[in-house]
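Take a look at the structure set out below.
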Amino acid sequence: MFHFYNTLTRQQERFTPGEIIRLYTCGPTIYDHAHIGNFRAYVFEDLLQRHLEARGNIVNRVMNLTDVDDKTIRGARTQKVPLQEYTARYKKAFFEDCVALRLRPANSYPAATDPENIEAMVVMIQTLVEKGHAYQAEDHSVYFRIASFPRYGQLAHVDLDAQRTSVRIKNDEYTKEEIADFALWKAWNEEDGDVAWESPWGRGRPGWHIECSAMATRLLGDTIDIHCGGIDNMFPHHEAEIAQCECVSGQTFVRLWMHCAHLMVDGMKMAKSAGNFYTVRELLESGWNGREIRYVLLSVHYRMPLNFTMEGLEAARHSLYRIDEWKRRLEDFTRNTSTSAHPLLENCGSVRLEDFFIALDDDLNISAALAVLFDVIRESHRLLDHKALSGEEVIALLVWWNRVDSILAVTLDSLNEEIPKEVQQLISLRQEARDSKNWIESDRLREAIQAHGWMIKDTKNEQKLIPL
Ligand code: AMP
Ligand code: ZN
């Protein structure tokens, strides 16, 4: 039974899935490489999806791509390339980063500029105008009339009187917005260049909020089960989405709102504008790998701020090493076991295996879930040391691990993925030195490898690497 924290009600609620769970997750604005702060949100959503699926549910997940807004237009103009060509680059980079972080693909990635989406946005705005929830102003842009929707502010819990100001904000960079009527359709201006679509209100482009409302309802229906994003998306973006959708359909737009807290650096939100960000590719280039970054982003409860540090990455490397070693030991043990039976194991020593999943049922309590995993690791080492586990039991533990890892997705695929290229090169040079009994060179290379953060343990046939 799931219990998730609903941002709308500010409390944990029981979540009962239907036949298919319709999940909408606000995606990136593809104007630059996403930073790992953005990816904290996507990793949290991935954890949610994987856990729902591990519990036997079918999830239909949509993640939008914002490929038209002030920032994308500005970028394309600065580089003097068509908007589509400009955003295509960052779309490709985004998907590469998703693969590196092992994010399960969404069922669809609608882009705001897809003709069917622009059409859906125009239809929605038309309905809002007809129902008196929107109006065209003197500047030809169309605005949502906040005063026509008394529930506006319910998600962010903002003061109702303060919202009913008549200030109109055209800028859709949400951190700068005020509580005010917001643009649904922005009339063309010179800065937009050739980026414009025809509409009943003249040439222009959609506002950011209507993009998500139109794409979410077009692909998932009037009521969706779960809507996620980073906490900074809650207001005004998600508030506006509710207003737009509920004024059009008259139905509840979202059953459960889930937001993740920020990734921080030295007490500040990681953000492009603050300049305190890392991209996935930067970290990969400096020798970290995707599963380490994933583990860091995953391992703190999604509603707790997470402070990003290099020590955090190092700790992740160590935790993963413990998992790898444990899994290797179990696998080595089963090589001498002839049976392929998979008995269900309830406990590993004093630890109840199901507790891993029960922890995640409780608002994705990853800290408790990881505590179960490391208790199992400790217990199984102890039991193996005492020769107190049978081959069948070890197989059952590996089967359990596969279920766990269908959620965590941190298994080591190959050694090449784990060990940075320079270290691999040093290792093969050292192998050559050892083969020709050049011990001085071998020792020098050992130190060089150590400088990269890896210790070597020599066995008869191989050089085993251990992270420092
Ligand atoms: P943006 O491209 O700025 O619209 O952000 C895309 C997603 O990343 C949104 O869900 C944001 O809330 C989220 N996000 C941006 N910065 C951070 C951060 N430092 N920590 C966590 N989530 C973030
Ligand atoms: Zn959105």
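First listed ligand is number 1; within each ligand, the first listed atom is number 1.
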*Kindly assign one of parallel, tilted or perpendicular to the pair F39 and Y42, based on the angle between their ring planes and the thresholds 30° and 60°.*
perpendicular

_Out of L297, N233, D232, who is nearest to atom 12 (O) of ligand 1 when you count heavy atoms only?_
D232

*Within the stated cut-off of 2.8 Å, is an N/O/S atom of C26 closer than that to the Zn ion (ligand 2)?*
yes

_H259 to ligand 1, any heavy atom closer than 4.0 Å_ = no

*Would you mind listing which atoms of ligand 1 come within a distance below 4.0 Å of any non-hydrogen atom of G230?*
10 (O), 12 (O)

*Validation row: T72, Y90 side chains within 4.5 angstrom (heavy atoms)*: no

_M270 N/O to ligand 1 N/O under 3.5 Å_ = yes

*Search all heavy atoms of N117 against all heavy atoms of P110 and return the closest pair with its distance.*
ND2-CB, 3.6 Å

_ligand 1 contact by A261, heavy-atom criterion under 4.0 angstrom_ = yes

*Whether F39 lies under 4.0 Å from ligand 1, heavy atom*: no

*Which atoms of ligand 1 are found less than 4.0 Å from any heavy atom of Y42?*
6 (C), 7 (C)

*N, O or S from H209 under 2.8 Å to the Zn ion (ligand 2)*: no

_Proximal atoms of ligand 1 relative to T29 (non-hydrogen, under 4.0 Å)_ = 2 (O), 4 (O)

_Metal site angle (apex the Zn ion (ligand 2)), SG from C212 and NE2 from H237, 10 degrees_ = 110°

